[in-house]
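Lettering of chains follows the sequences in order, A, B, ..., and the numbering in each one begins at 1. Here the structure is a predicted model, which is why all the values come from computation and not from measurement. Heavy-atom basis, side chains included; hydrogens, waters and symmetry copies ignored.
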Number of protein chains: 2
Amino acid sequence: MSHEVEKRSLAQYLEENNLKHTKQREAILAAFLEASGHITSEEIHNRVRAEHPNIGYTTVYRTMKLLCDAGLASERHFEDGVTRYEIEQEHHDHLVCLRCGKIIEFECAMIEKTQLEIADRYQFRVLRHRHELYGHCDACERAAAATE
Amino acid sequence: MSHEVEKRSLAQYLEENNLKHTKQREAILAAFLEASGHITSEEIHNRVRAEHPNIGYTTVYRTMKLLCDAGLASERHFEDGVTRYEIEQEHHDHLVCLRCGKIIEFECAMIEKTQLEIADRYQFRVLRHRHELYGHCDACERAAAATE
DNA sequence: GGGCTAATTGAAAATAACATTCAATTTCAA
DNA sequence: TTGAAATTGAATGTTATTTTCAATTAGCCC
């Protein structure tokens, strides 16, 4: 059994908030963690149903919201309008391929630092941020070149 | 009459694409430009109706899409899930206040440059990007402090 | 272990934002 | 002016997400 840390973290959150520990919540957490990031509710639902065929969409939505509140997941809105969830951990930013949808993560301390300087200039207190570069990944760029 | 440049720009786009110049399109463009950025379709619709009570939502949606194609506007998806349009011009990024919704624009050549270096590292071709810092603006931060 | 009560579930219906359809209207080139 | 093609807007369709509500379940108390 993996994801012990996250399971315990969820259990703690449930307990602290007088919420109940259900197999649905456990299953959804597992499915989400196994998928390793940037997953939609629909994808989570599909994965969960493989093991637990009668867990509904609704429960997936609700549970993902709960995982966000619990600090285990966070919502992301890329430019296709569908909400995706990612594992809440060290902050990272994204390269998003507009052709194949591939998502690459990156981090850059220099940019993070510059951001804060800019915010300072406007007396703005930064709580979180998003930084996404949209374009074509290597494979798609080659494919596009080959087609022309 | 202001916004002459944009009007001419739209007229040119319509002509080049064998599209027609209608008063609805002109009115929507004017309402959009007067609003100065980060506006939703609904807000545009409200503004347009003040002058032209029988222009429908549909026409606003379609026209905003057209203005995007024409390069006069561009779509933005902040974290509330509603599409907003902004005037297409020099690229800039955003500070978004989570309390009052205020949106401040900023630019930073250093960050732009660093971005490209990162993309290079992944053989990624950047077509566009978004960079948003979410937090509290000065006024809201003070308000929050006063409440506590 | 059984009872109890509040939390949870899931199917269905509701909502919100946006897209499409289609008949009626309008633009504009000839 | 005319007529074909584009446009409009009301209504309807979609898609993603949320709410409702009756039925079920978790987990404390005995």
Exercise. Tell me whether the centres of the aromatic rings in His131(A) and His131(B) are closer together than 6.0 Å.
Key: yes
Could you list the protein-to-nucleotides 28-30 of chain C atom pairs, N/O on both sides, closer than 3.5 Å?
from: dC28(C); atom 1: OP1; to: His21(B); atom 2: N; distance (Å): 2.9

Sugar-phosphate, base or nothing in reach of [X], heavy atoms under 4.0 Å:
X: Glu42(B); answer: nothing
X: Thr83(B); answer: sugar-phosphate
X: Arg62(B); answer: base

Quiz item: Any idea which of dT21(C), dT26(C), dT8(D) is nearest the Lys23(B) side chain?
Solution: dT26(C)
Quiz item: Where the side chain of Thr58(B) is concerned, which of dT20(C), dG10(C), dC18(C) is the nearest nucleotide?
Solution: dT20(C)
Practice problem: Please check the phosphate of dG9(D) (OP1 and OP2 only) for any side-chain N or O of Gln24(B) closer than 4.0 Å. | Solution: yes
Quiz item: Can you tell me if the side-chain N/O atoms of Arg25(A) get under 4.0 Å from OP1 or OP2 in dT9(C)?
Solution: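 Yes, within the criterion.
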Self-check item: Toward the 5' end of DNA chain C, by each residue's nearest nucleotide, Leu66(A) or Val82(B)
Solution: Leu66(A)
Exercise. Could I get the full list of side chain to side chain contact (heavy atoms under 4.5 Å, CB included) partners for Asp138(B), not counting sequence neighbours?
Key: Gln123(A), Arg142(B)
Exercise. Please lay out, stage by stage, how Glu26(A) and His21(A) fare under the test side-chain hydrogen bond (donor to acceptor under 3.5 Å, both in side chains).
Key: CA-CA 8 Å; Glu26(A) 181 117 349; His21(A) 188 270; 3.0 Å; yes
